[in-house]
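Contents: one structure, followed by commentary.
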Amino acid sequence: MFFENIKLAVSSLFANKLRTFLTMLGIIIGITSVIAIKTVGNAMTDSVQEQMSAFGVNNVSISMYPDFNNTEVSNMDYDSIPKEQFTQEMLQDMLKTYSSQITALSVEQFLSSSKVVPDPDVPEVYANIDIDGVNSGYFTAENITMIDGKIFDKNAFENGSFQAIVSDFFVNNLYGGDTKKALGKQVDVTVNDETTETYTIVGVYRYDVSKMGIGEGTATKDVSTNFFVPYKNAVDQQPERQKLGITNFTLVTSAGTDTMAFADDVKQFLTDRLQENTLYTVDAFSMQSMVEESKKTMDSLTLAITAIAAIALLVGGIGVMNIMTVSITERTREIGTRKALGAQNSAIRGQFITEAVILCLVGGLFGMIDGIIVGYVACHFMGYVAKVPLSSVLIAFGFSTAIGVFFGYYPASKAARMDPIEALRYE
Amino acid sequence: MRNDNAGWTGNSIIHLEGITKSFYLGTDHELEVLHGIGLEVNDGEFVSIVGESGSGKSTLMNIIGLLDHATSGRYFMEGVDISAVRESALCTIRNRQIGFVFQTYNLIPRTSAQKNVEMPMLYAGVRPQERAERAMALLQMVGMEDRAKHNPDELSGGQRQRVAIARAMANDPAIILADEPTGALDSRTGRSVMDLFHRLHEEEGKTIILITHSKPLAEETDRILTLIDGRITREQQGPFRAHGVPAPDSETLDSDPV
């Protein structure tokens with residue numbers, strides 16, 4: 001009976017190809033939009049999360065800055081605000097208190113941007129760099145992958161030696177990609193367009209293209225990569241920074257730590273230490289909370305667009321209901337004949353609901369294919385990697401079946417309740 | 001057979017008693033089209049009902065065929081009191097016990113002759129292979145086996161009616177109800193369709209109730225009931241064909257007393 005109904009439905013849908021197609025169009029558009037939105041939405045969420053986790057989901061960034069909500073501060077000239085810093089004592093205290101949660105502390109001091117040209121006679125061989133002073137915790141916090149050589153040793157960190165760790169891009173540009181050739185090389189670097197310092201290359205790290213920012217697909221030869229030097233080296237070259245001390249740093253938390261709660265704890269801890277200076281405020285911020293936040297934004301955006309797609313599906317469903325009503329009126333005599341020959345009401349109802357469901361399912365199938373194509377094309381142009389969510393298949397078939405049953409039920413019941421005599425007499 | 005009616009002890013397959021049918025035409029208007037019909041049809045009998053249009057013969061047919069309910073009166077089919085049967089069970093009785101043949105054939109469009117014949121078996125839950133085999137056998141019986149795959153719109157009127165008769169026979173029903181089966185056919189094809197009914201009657205032992213307004217065709221049957229204004233006004237035996245005697249012309253029949 002079930003297969004018979006399917007055969008009947010298919011042949012009746014084929015009998016009126018144009019009408020069937022036009023009715024399906026509503027469902028196709030609805031399902032297409034749902035799946036396309038889902039595909040793009042997932043790609044966006046994935047991409048954002050990937051970028052964020054590249055920065056380290058276990059990281060908590062801590063900074064201090066003048067509290068501009070404080071009227072005393074907001075009335076002051078910025079330069080006249082007394083400087084404040086996280087003292088070594090405060091940091092040691094913090095590391096001791098939270099030793100089980102903190103695996104590394106990362107500090108970073110930017111020095112200068114520069115362009116390295118080893119041989120002035122060959123100006124086309126060059127590399128753009130950002131000189132960045134870092135401590136050993138930085139490599140953990142930022143998940144830096146070393147390709148060759150090694151991280152600065154303890155002495156280099158403590159003395160602020162003129163050593164450098166360069167990117168694979170840098171090696172590609174200057175040494176044809178040969179890291180062995182790069183190691184031990186001395187490079188002259190102009191700092192702040194003033195002094196020229198000579199650094200020895202001790203290591204090569206892999207430059208993470210995904211950290212470049214949303215939408216930038218490829219890195220060119222001109223991309224400026226980090227030229228890591230010991231933290232002390234960068235600070236030593238900027239006497240004014242020495243006075244400022246550390247005002248921001250990043251903590252790497254151990255696996256399993258609730259970073260959002262930890263961030264609040266540390267913020268409170270450091271705020272307590274700063275109590276005598278009410279002009280400053282401490283902010284602790286976990287990547288996790290940002291991921292959560294962006295997820296929430298994405299979710300509500302997806303929800304809003306899905307609501308619009310749902311309206312498209314509703315309109316499509318009403319179209320199905322309309323066409324089923326027309327079809328049933330046209331086939332009144334057939335229904336009368338079937339009832340005279342002994343078809344139960346349930347059999348007639350089943351026949352027409354099957355027809356509506358098949359109409360919607362075929363529409364759902366086309367909609368799914370279209371939706372995947374549209375989703376892929378949209379992702380391509382927006383620079384995301386499209387991943388078709390498996391749920392889209394379930395959505396396509398689930399929704400279309402539900403629409404078929406829901407909007408087919410009324411017309412099918414109308415057919416089932418027809419009076420056979422009236423139906424047989426119908427012209 | 002069930003017999004829960006003390007007043008009825010016959011062995012007739014159809015037993016009507018005081019059947020009336022009224023239609024409501026608005027608040028105070030009621031039109032009674034059948035006025036107390038009593039009718040007895042025996043198993044294996046070939047009965048014809050003749051009457052002008054508007055005489056109520058179609059209404060009577062619908063009641064006999066379980067498509068309509070009588071307003072009052074009693075109806076027993078094979079001893080079963082029809083008024084006590086639920087709607088879904090009526091469907092089953094229609095499906096198994098009654099074969100309908102309509103004036104306008106009422107084949108399902110865009111559906112092959114074979115599938116049309118299979119349809120009542122489909123609703124009876126017969127397995128596909130068995131359905132197909134029986135449908136082909138029935139089409140062979142009516143001489144339509146080589147048109148089994150044709151759709152109704154590819155068949156002539158006579159051929160369609162043959163398919164419809166094969167369909168009526170699908171579940172091997174006890175009763176065939178034929179409502180003006182030759183009404184839309186020319187006399188020659190009408191003749192061959194009539195011959196088919198005689199074969200079903202004689203060879204298959206089917207009880208056949210034929211509604212017609214053609215007196216010559218009615219006179220070929222065992223018994224002729226004349227319906228005028230909702231009453232059976234005349235009942236005649238017409239055993240002419242059964243005895244191999246050619247049917248007399250209609251004047252002879254008309255002059256017979258009731």
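Chain A is the first sequence line, chain B the second, and so forth, proteins listed ahead of strands; every chain is numbered from 1. For clarity, every value in this text was computed on a predicted model and none was experimentally measured.
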Select all residues of [range] having any heavy atom within less than 4.5 Å of some heavy atom of chain A, and report them by number, or 'none'.
range                       : answer
residues 87-99 of chain B   : B:Ser88, B:Cys91, B:Thr92, B:Arg94, B:Asn95
residues 104-125 of chain B : B:Thr104, B:Asn106, B:Ile108, B:Pro109, B:Arg110, B:Lys115, B:Met119, B:Pro120, B:Leu122, B:Tyr123
residues 141-154 of chain B : none
residues 43-73 of chain B   : B:Asn62, B:Leu67, B:Asp68

Which region of A:Ser12, side chain (C-beta onward) or backbone (N, CA, C, O), has a non-hydrogen atom less than 4.5 Å from a non-hydrogen atom of chain B, or is it both or neither?
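Both backbone and side chain.
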Applying a strict 4.5 Å limit to non-hydrogen atoms, the region of A:Glu422 in contact with chain B is neither
Identify which of A:Lys339, A:Glu334, A:Arg331, A:Gln344 forms the greatest number of heavy-atom pairs closer than 4.5 Å to chain B.
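The residue among A:Lys339, A:Glu334, A:Arg331, A:Gln344 with the greatest pair count is A:Gln344.
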Choice from A:Ser11, A:Ala15, A:Pro420, A:Ala343 maximising heavy atom contacts with chain B below 4.5 Å
A:Ala343
When you look at [atom1] of [X], are more than 12 heavy atoms from neighbouring residues, nucleotides or ligands closer to it than 6.0 Å?
X        : atom1 : value
B:His213 : NE2   : no
B:Phe23  : CZ    : yes
A:Phe406 : CZ    : no
B:Asp229 : CG    : no

In terms of heavy-atom proximity below 4.5 Å to chain A, should B:Arg127 be classed as side chain, backbone, both, or neither?
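No part of it gets close to chain A.
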